[in-house]
Protein chains: 2
Amino acid sequence: MTVLENAARLLKCFNSECTDLTVTDVTERLDIPKANASRLLKAMRGAGLLETIGDSKRHRPGRLLIDLGAAFRGSSTLIAMAGEVVKEVSDTCGHTGFVSIRVGNEVSGVVDFPGSNALRVAGTIGRPLPAHTTATGRSLLARLSDAEVVALLRDATFKVTPRSPGTIDEVLAMLTEVRACGFGASFQETTLGVDAVGIAVGDPKTGEEVSLCIVFPSQIVSDAERQAILTGLADGAADIAFKTGDTRFKKPDPARFPLKGLTSHD
Amino acid sequence: MTVLENAARLLKCFNSECTDLTVTDVTERLDIPKANASRLLKAMRGAGLLETIGDSKRHRPGRLLIDLGAAFRGSSTLIAMAGEVVKEVSDTCGHTGFVSIRVGNEVSGVVDFPGSNALRVAGTIGRPLPAHTTATGRSLLARLSDAEVVALLRDATFKVTPRSPGTIDEVLAMLTEVRACGFGASFQETTLGVDAVGIAVGDPKTGEEVSLCIVFPSQIVSDAERQAILTGLADGAADIAFKTGDTRFKKPDPARFPLKGLTSHD
DNA sequence: TCACAAGTTGCAAAAAATGGAACAATTATG
DNA sequence: CATAATTGTTCCATTTTTTGCAACTTGTGA
């Protein structure tokens with residue numbers, strides 16, 4: 001096990017839930033002798049990969065790492081284009097929007113736009129979620145074949161919340177629907193009271209795929225507003241698909257736009 | 001030189017200008033034999049610290065790194081509070097806002113809010129800037145003593161743009177003014193046509209300091225709007241200073257709010 | 001003050017990184 | 001299309017780092 005691998009494993013421990021680590025934390029999480037944890041932390045601190053919070057023993061990611069997200073976003077014109085579309089829609093409707101990518105069976109937000117409504121869903125960056133339990137995740141999974149999805153979800157956990165799918169077959173059924181509709185939707189699935197829509201689009205030249213997503217409170221958003229949101233995302237995504245030459249993209253069908261409360265889980 | 005140090009040096013090369021690196025780039029930038037550059041890249045790729053773009057030889061930060069910014073932000077209540085204030089002001093005025101921190105003589109944005117006006121300043125995350133040439137940077141530098149500033153700027157470059165300060169003395173004079181006013185301002189200094197205001201606030205418990213900043217187009221923003229922006233930031237910052245017990249904070253003086261075109265460099 | 005947990009350091013063995021040069025692959029050029 | 005030029009990878013013995021254990025130090029709370 002090289003230092004680099006341990007360093008990477010350590011960095012993976014951080015997310016919006018776990019924002020700092022001590023020697024003991026690292027000892028447990030990476031399952032290494034505490035001597036090594038101590039030295040790893042010291043080395044990473046020396047390199048600027050970590051920093052201590054105040055003068056406590058708690059470590060957080062070093063400041064040099066905070067610019068990296070920008071480099072990642074900047075390296076992808078697909079993400080930039082998707083961000084613009086989502087920002088536009090988010091500004092118009094006032095709800096929180098984000099662009100996310102899939103890594104294995106997880107989706108991570110890469111850009112987010114917090115929304116301006118008083119009642120808005122909090123930002124979702126920095127907390128990878130299972131792909132099969134989210135609108136945005138399913139919009140991305142729907143671009144794979146059923147066989148690939150089955151392989152990906154081999155050791156996934158189902159029914160993580162009361163409204164999330166309970167079996168692989170249920171997921172596959174949902175994906176069939178996503179492929180037919182052209183978008184993913186979720187109704188109070190990941191978070192109670194929160195609905196979401198996601199549309200995926202890719203760039204065949206780089207192999208990248210992103211999902212454009214808007215999340216909003218279930219109760220207060222009318223059907224008309226839902227349609228407006230979806231139309232906005234769909235138009236923007238279609239535009240991107242045209243530019244990148246994404247042939248797998250299917251323009252969402254307005255006739256199937258999700259209505260308030262439309263869900264197979266009610 | 002440990003791998004970790006090289007890895008960190010490599011990651012430092014990324015910013016919003018330089019979003020991907022090849023073996024040759026790394027060889028030159030880190031001044032190491034290309035054999036090592038090749039192996040470093042491979043090791044970092046293996047650890048997930050980097051990934052290739054498509055199947056090219058170009059590398060960008062790995063996806064595991066994009067969540068780290070969120071962990072950093074989450075580890076600091078100061079950043080969270082500052083973000084809320086800036087978001088509020090940015091939403092109200094429609095201009096781009098961000099929260100930044102100082103590292104040595106550089107400032108990096110940690111959260112940004114792109115603004116909703118048609119004519120807005122683009123996001124500023126991921127591109128560290130010299131502290132002494134920006135409103136936000138000077139608002140942070142002003143919290144140091146002149147001696148500390150002199151030490152920090154020992155090998156800084158001056159006059160990086162026509163309107164940026166030309167000597168250390170000029171910087172010190174500007175900082176004196178910042179300390180008197182309670183805020184930093186810049187007029188078409190870093191970018192032509194762009195003005196900015198920044199207010200710094202700290203948390204004595206953790207030693208952290210952040211700056212709340214709004215950037216806007218010089219031409220179209222009236223005096224009244226400038227005052228509104230500054231009042232918004234100032235009220236929010238004062239609130240934060242009260243909560244953290246920051247005694248070094250000085251509430252900006254409305255009488256000295258910057259007027260359109262008010263600048264010693266005109 | 002003591003006990004206990006958390007973190008750090010010394011040491012020899014084991015593993016990984018280094019740099020030079022040969023080799024392979026890719027890209028540009030006539 | 002062949003050749004040159006550029007870019008990236010692999011081989012090797014040597015040097016350096018990392019590892020795991022245990023002893024040690026520091027800090028915390030009863």
Side-chain angles (χ1 to χ4, degrees), chain A residues 1-14 17-62 64-65 71-72 75 77 203-208, chain B residues 1-14 17-62 64-65 71 75 204-207:
Chain A
M1 187 72 59
T2 73
V3 221
L4 222 49
E5 279 164 0
N6 277 330
R9 289 206 296 150
L10 189 155
L11 291 176
K12 271 188 201 131
C13 296
F14 289 114
E17 315 273 282
C18 170
T19 60
D20 58 69
L21 294 168
T22 64
V23 170
T24 320
D25 293 335
V26 173
T27 303
E28 289 165 3
R29 295 224 186 196
L30 304 198
D31 190 36
I32 56 177
K34 69 176 171 175
N36 291 1
S38 171
R39 285 181 288 222
L40 178 61
L41 246 20
K42 189 204 272 194
M44 291 180 71
R45 224 185 308 137
L49 259 18
L50 295 178
E51 63 182 33
T52 54
I53 300 183
D55 43 12
S56 71
K57 306 279 185 192
R58 299 182 308 135
H59 294 70
R60 68 175 164 204
L64 89 86
L65 295 174
F72 186 90
S75 74
T77 54
D203 181 346
K205 288 182 290 298
T206 64
E208 294 172 305
Chain B
M1 186 72 59
T2 73
V3 221
L4 221 51
E5 279 162 3
N6 277 330
R9 290 206 295 149
L10 190 156
L11 290 177
K12 272 188 200 128
C13 295
F14 288 114
E17 315 273 283
C18 170
T19 59
D20 58 69
L21 294 168
T22 63
V23 170
T24 320
D25 293 335
V26 174
T27 302
E28 289 166 3
R29 294 222 187 200
L30 305 196
D31 191 34
I32 57 176
K34 68 177 173 174
N36 292 359
S38 172
R39 285 180 290 222
L40 178 61
L41 246 19
K42 189 205 272 195
M44 291 180 73
R45 223 186 308 139
L49 259 19
L50 294 179
E51 63 183 33
T52 54
I53 301 183
D55 43 12
S56 70
K57 306 281 183 191
R58 299 182 308 136
H59 294 71
R60 66 175 165 204
L64 89 85
L65 295 174
S75 74
K205 287 183 290 299
T206 64

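In the text below, chain A, chain B and the rest are named by the order of the sequence lines, each starting its count at 1. The analysis underlying the following values was restricted to heavy atoms, covering all of them including side chains, and did not include hydrogens, waters or symmetry mates.
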First encountered from the 5' end of DNA chain D, between A:Ala35 and B:Ser38: B:Ser38
Rounded to the nearest angstrom, tell me the gap between atom [atom1] in [X] and atom [atom2] in [N].
X       : N      : atom1 : atom2 : value
B:Leu4  : D:dT17 : CG    : P     : 12 Å
A:Lys42 : D:dT18 : NZ    : P     : 12 Å
B:Met1  : C:dA16 : CE    : C1'   : 16 Å
A:Leu40 : D:dT17 : CG    : P     : 16 Å
A:Leu30 : D:dT18 : CG    : P     : 15 Å
B:Ile32 : D:dG8  : CD1   : P     : 13 Å
B:Leu41 : D:dT7  : CG    : P     : 15 Å
A:Asp55 : D:dT26 : CG    : C1'   : 15 Å

Nucleotide of D:dG8, D:dG20, C:dT8 approaching A:Pro33 most closely (side-chain heavy atoms): D:dG20
CD1 on A:Ile32 to CG on A:Leu10, rounded to 0.5 Å: 7.5 Å
A:Phe14 side, atom CZ; B:Leu65 side, atom CG - distance, nearest 0.5 Å: 11.5 Å
Sugar-phosphate only, base, or nothing, as touched by A:Lys34 at under 4.0 Å among non-hydrogen atoms: base
Sugar-phosphate only, base, or nothing, as touched by B:Asn6 at under 4.0 Å among non-hydrogen atoms: sugar-phosphate
Heavy-atom donor-acceptor pair, A:Arg58 side chain to A:Ile53 backbone, under 3.5 Å: no
Phosphate-side-chain proximity, B:Lys57 and C:dT27, N/O vs OP1/OP2 below 4.0 Å: no
Side chain to side chain, A:Thr22 and A:Asp25, heavy atoms closer than 4.5 Å: yes
Validation row: B:Thr52, B:Arg45 side chains within 4.5 angstrom (heavy atoms): yes
5' precedence on DNA chain C between B:Thr2 and A:Asn36 (nearest-nucleotide basis): A:Asn36
Side-chain donor/acceptor contact of B:Arg39 with base of D:dG8 under 3.5 Å: no
